Amino acid sequence: MKREDALFNWLQIQVVVEARPDDRSALDTAAFFAQLLLEDHAISELSYRVENGWYHLSGKQEAGAVDNRYPAEAVESLLAAIENEPKFNC
């Protein structure tokens, strides 16, 4: 998986995990993407913050720091889709 796709996927699922801390599937998926980023792209110490409608993702890589930003609407779209699906809100 491309680095940028893996970073965005990790960020999206991490937002879901924070909103739904008891969601085992979300926790497992977040762990999968964190492991993929570590093993395939040598990226660790991932974190993010929200500022002015943007998610700022940070991490560490051997070649230097990782610093990306994504529009909040795009990042939060997975959470919105999950929350709008009745079978996931039992």
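For clarity, every value in this text was computed on a predicted model and none was experimentally measured.
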Non-neighbouring partners of Asp28 that pass salt bridge (charged side-chain N to carboxylate O under 4.0 Å, His left out), sequence neighbours left out: Arg24
message: Looking at Asp5, I'd like to know if its CG atom is crowded, meaning that more than 12 non-hydrogen atoms belonging to other residues, nucleotides or ligands lie closer than 6.0 Å.
response: yes
statement: Rounded to the nearest 0.5 Å, the CZ atom of Arg20 sits from the CD atom of Glu83 at a distance of 6.5 Å
query: By ring-ring contact (aromatic ring centres under 6.0 Å, His included), which residues pair with Tyr48, not counting sequence neighbours?
result: Tyr55
task: To the nearest 0.5 Å, tell me how far Leu78 CG sits from Phe8 CZ.
output: 8.5 Å
- prompt: Between CG of Asp23 and CD1 of Ile82, what distance do you get to the nearest 0.5 Å?
  reply: 6.5 Å
message: Quick one, Leu46 and Leu11 - any side-chain contact, counting heavy atoms below 4.5 Å?
response: no
message: I want to check something: taking the side chain as every heavy atom from C-beta on, are Val75 and Trp54 in contact at a cut-off of under 4.5 Å?
response: no
- request: Among Ile, Leu, Val, Met, Phe, Trp and Tyr joined by side-chain contacts under 4.5 Å, find the other residues sharing a cluster with Val17 and list them by chain and number.
  value: Leu27
Nearest non-hydrogen partners of Gln14 and Ala30, listed with the distance: OE1-CB, 3.7 Å
message: Can you confirm whether Ile13 sits close enough to Phe32 that some side-chain heavy atom of one is under 4.5 Å from a side-chain heavy atom of the other?
response: no
query: Nearest 0.5 Å, what's the CG-OG distance between Asn68 and Ser58?
result: 8.5 Å
- prompt: Taking a hydrophobic cluster as the set of Ile, Leu, Val, Met, Phe, Trp and Tyr residues connected by side-chain heavy atoms closer than 4.5 Å, whether directly or through intermediates, do Trp10 and Leu36 fall within one such cluster?
  reply: yes
- request: Using the test salt bridge (charged side-chain N to carboxylate O under 4.0 Å, His left out), find all partners of Glu62 that sit at least two apart in sequence or belong to another chain.
  value: none
message: Taking side-chain hydrogen bond (donor to acceptor under 3.5 Å, both in side chains) as the definition, give me every residue that meets it alongside Ser77, ordered by chain and number, with sequence neighbours left out.
response: Gln12
field: Flag, side chain of His41 to backbone of Glu4, donor-acceptor distance under 3.5 Å
entry: no
query: So do Tyr70 and Leu7 actually touch side chain to side chain, heavy atoms under 4.5 Å?
result: yes
task: Would you indicate whether the side-chain heavy atoms of Ile43 and Arg3 approach each other to under 4.5 Å?
output: yes
message: Is it the case that over 12 heavy atoms from other parts of the model lie below 6.0 angstrom from the CD atom of Glu73?
response: no
task: Name all residues meeting the salt bridge (charged side-chain N to carboxylate O under 4.0 Å, His left out) criterion together with Glu45; count only those two or more places apart in sequence or in a different chain, and write none if there are none.
output: Lys60
